[in-house]
Amino acid sequence: MSAETLRANGQESILPISITDHILNEQRHHPEATGALTSIMLGLARVARRISKTAREAESSGAYGLTGEINVQGEKVIKLDKQANDLFKEVMSKDPHVAGFASEEETTFVPFKPDPKRKYVLWFDPLDGSSNFDTSVTIGSIFSIYQRVSSVEESVNEADFLQKGREQVGAGYFVFGFDTKLVYTTGNGVFNFNLDSSGEFVLSKELPQIVTPEESMYYSVNEAYSPQWFPHVVAFVEMLKTMPEKPCSARYAGSLVTDFHRNLLKGGVYLYLSDKKHPEGKLRLNCELNPLAFIAEQAGGRATNGEMDILDIQPTSLHQRSPVVIGSKNEVNAFLKSK
Ligand code: AHG
Ligand code: MN
Ligand code: MN
């Protein structure tokens with residue numbers, strides 16, 4: 001966002017622009033706004049501050065290691081997965097606007113105390129990239145906000161959590177690396193915040209608004225699966241490596257949020273497709289792909305499952321997986337043409 005735009009939005013200030021200032025300003029354009037999104041975002045920021053601190057002090061806080069449980073995805077749960085999930089649950093259950101949530105770490109959705117004022121539901125991947133945590137590789141948390149479709153007089157039901165990604169009213173992620181970032185959208189561009197030393201998320205001065213390059217400089221894929229890839233995927237990845245003008249370089253951290261964030265900033269395409277061993281890919285539509293697809297589109301990129309835009313898929317089950325190609329528009333379009 002240029003200085004002129006910030007000024008036009010009444011946002012130029014010698015004081016840092018906090019997440020609260022930013023959302024309140026965004027809501028000036030929505031007279032119907034009730035303050036719900038502000039409250040939800042502040043709750044999310046509070047949880048992220050806590051995860052960031054726990055992760056940073058993992059050795060002394062006992063956050064390393066496994067809980068011994070296997071989650072609904074069939075994956076080993078690490079202690080920080082559970083701690084992050086419990087933090088989101090506790091903080092969101094106290095938010096007067098949130099009617100319930102669903103999470104990668106919960107078998108089914110979790111209803112909160114019925115109350116007609118609770119009009120929103122949330123989806124979380126409380127900790128993404130958990131298998132990287134004990135090696136100090138960047139991890140993150142992903143969130144997605146919907147208005148409930150069930151009657152506010154009743155408890156939430158499954159349909160509230162099976163909405164198309166296109167229905168999201170907000171989405172974003174936190175990145176826990178050597179610093180902590182918040183990237184979010186409410187459908188009016190993608191904004192970029194840093195956690196400062198006072199514990200406040202403040203709008204980045206360097207890059208307040210993220211617009212992703214149209215062309216990829218990088219591709220991210222787990223190339224170890226190439227023996228199982230279908231021929232069109234092999235050919236597409238080969239094409240990325242051999243583009244005459246500017247062949248792509250490879251980056252794959254193995255934390256989706258980390259790979260996605262890097263590609264968003266630098267220009268890149270991330271692939272996790274179906275192959276002979278992963279018939280639906282691996283990534284979860286509701287808690288991972290929809291929020292990142294919303295961010296990608298709002299930043300000028302694109303996300304597809306190979307047949308349709310991720311945001312247009314009608315989810316049919318809570319933990320369904322989907323193939324994905326997400327990132328810079330030109331390469332996502334090229335993938336669709338190559339099929
Ligand atoms: P999570 O830590 O939330 O379970 O997600 C792990 C995901 C994603 O972050 C990552 O990109 C992907 O798994 C890596 O899978 P592979 O090891 O199969 O490449
Ligand atoms: Mn994940
Ligand atoms: Mn996770």
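In listed order, ligands and their atoms are each counted from 1.
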**Request:** Examine ligand 1 and decide if any of its atoms is less than 4.0 Å from a heavy atom belonging to L127.
**Result:** yes
**Fill in**
So the side-chain hydrogen bond (donor to acceptor under 3.5 Å, both in side chains) pairs with at least one residue in residues 152-167 (sequence neighbours excluded) are S150-D160, R166-E297, R166-D312
**Closest protein heavy atom to atom 10 (C) of ligand 1, given as residue, atom name and distance to 0.1 Å** = G254 O, 3.3 Å
**Prompt:** Just checking, is any N or O donor in the side chain of S52 or T180 under 3.5 Å from an acceptor N or O on the other one?
**Reply:** yes
**Fill in**
atom 2 (O) of ligand 1 has as its nearest protein heavy atom G129 N, 2.8 Å
**Asked** Which of parallel (below 30°), tilted (30 to 60°) and perpendicular (above 60°) describes Y184 and F191?
**Response** tilted
**Message:** If I take atom NZ from residue K82 and atom OG from residue S130, how far apart are they, to the nearest 0.5 angstrom?
**Reply:** 14.0 Å
**Prompt:** In terms of atom number and element, which parts of ligand 1 are under 4.0 angstrom from non-hydrogen atoms of Y270?
**Reply:** 11 (O)
**Request:** Pick whichever of E105, E223, K282, Q73 has a heavy atom sitting closest to atom 7 (C) of ligand 1.
**Result:** K282
**Request:** Measure up the F161 and W123 rings against each other and bin them: parallel (under 30°), tilted (30 to 60°), perpendicular (over 60°).
**Result:** perpendicular
**Item:** Exercise: do N85 and S103 side chains pair donor with acceptor under 3.5 Å
**Value:** yes
**Message:** Closer than 4.0 Å to some heavy atom of D125 - which atoms of ligand 1 meet that?
**Reply:** 3 (O)
**Request:** Pick one of side chain, backbone, both or neither for how R284 approaches ligand 1, counting any non-hydrogen atom pair under 4.0 Å.
**Result:** side chain
**Asked** Going by the angle between their ring planes, with limits at 30° and 60°, are F335 and H232 parallel, tilted or perpendicular?
**Response** tilted
**Fill in**
Excluding waters, which are neither shown nor counted, protein N/O/S atoms under 2.8 Å from the Mn ion (ligand 2) come to 3
**Asked** What do you reckon, does L256 have a nitrogen or oxygen under 3.5 Å from a nitrogen or oxygen of ligand 1?
**Response** yes
**Asked** Is ligand 1 under 4.0 Å from a heavy atom in the side chain of S255, in the backbone, in both, or in neither?
**Response** backbone
**Asked** According to the interplanar angle, ranging from 0 to 90°, do the rings of Y272 and H278 count as parallel (below 30°), tilted (30 to 60°) or perpendicular (above 60°)?
**Response** perpendicular
**Message:** For atom 4 (O) of ligand 1, what is the closest protein heavy atom, and at what distance to 0.1 Å?
**Reply:** E75 OE1, 3.2 Å
**Prompt:** Can you check whether V257 has an N/O within less than 3.5 Å of an N/O in ligand 1?
**Reply:** no
**Request:** May I ask you to check whether D196 and S198 show a side-chain donor-acceptor distance below 3.5 Å?
**Result:** yes
**Asked** For ligand 1, which atoms have a heavy atom of N222 less than 4.0 angstrom away?
**Response** 16 (P), 17 (O), 18 (O), 19 (O)
**Message:** Just to verify, which of N263, D259, V269 counts as forming a side-chain contact (heavy atoms from CB on, under 4.5 Å) with Y219?
**Reply:** V269
**Item:** Contact (N/O only, under 3.5 Å) between S131 and ligand 1
**Value:** no
**Message:** Between F143 and F88, is the ring centroid distance below 6.0 Å?
**Reply:** no
**Request:** For side chain to side chain donor-acceptor pair (under 3.5 Å), just list the numbers for N71 and E104, CA-CA rounded to whole Å, side-chain angles, deciding distance to a tenth of an Å, and then say yes or no.
**Result:** CA-CA 8 Å; N71 68 12; E104 185 189 272; 4.5 Å; no
**The one among Y272, F260, Y252 that brings a heavy atom closest to atom 19 (O) of ligand 1** = Y252
**Message:** Distance under 4.0 Å to a non-hydrogen atom of S130: what atoms of ligand 1 satisfy this?
**Reply:** 2 (O)
**Asked** Quick check: does D128 get an N/O under 3.5 Å from an N/O on ligand 1?
**Response** yes
**Element-labelled atoms of ligand 1 that are located less than 4.0 Å from some non-hydrogen atom of E288** = 3 (O), 5 (O)
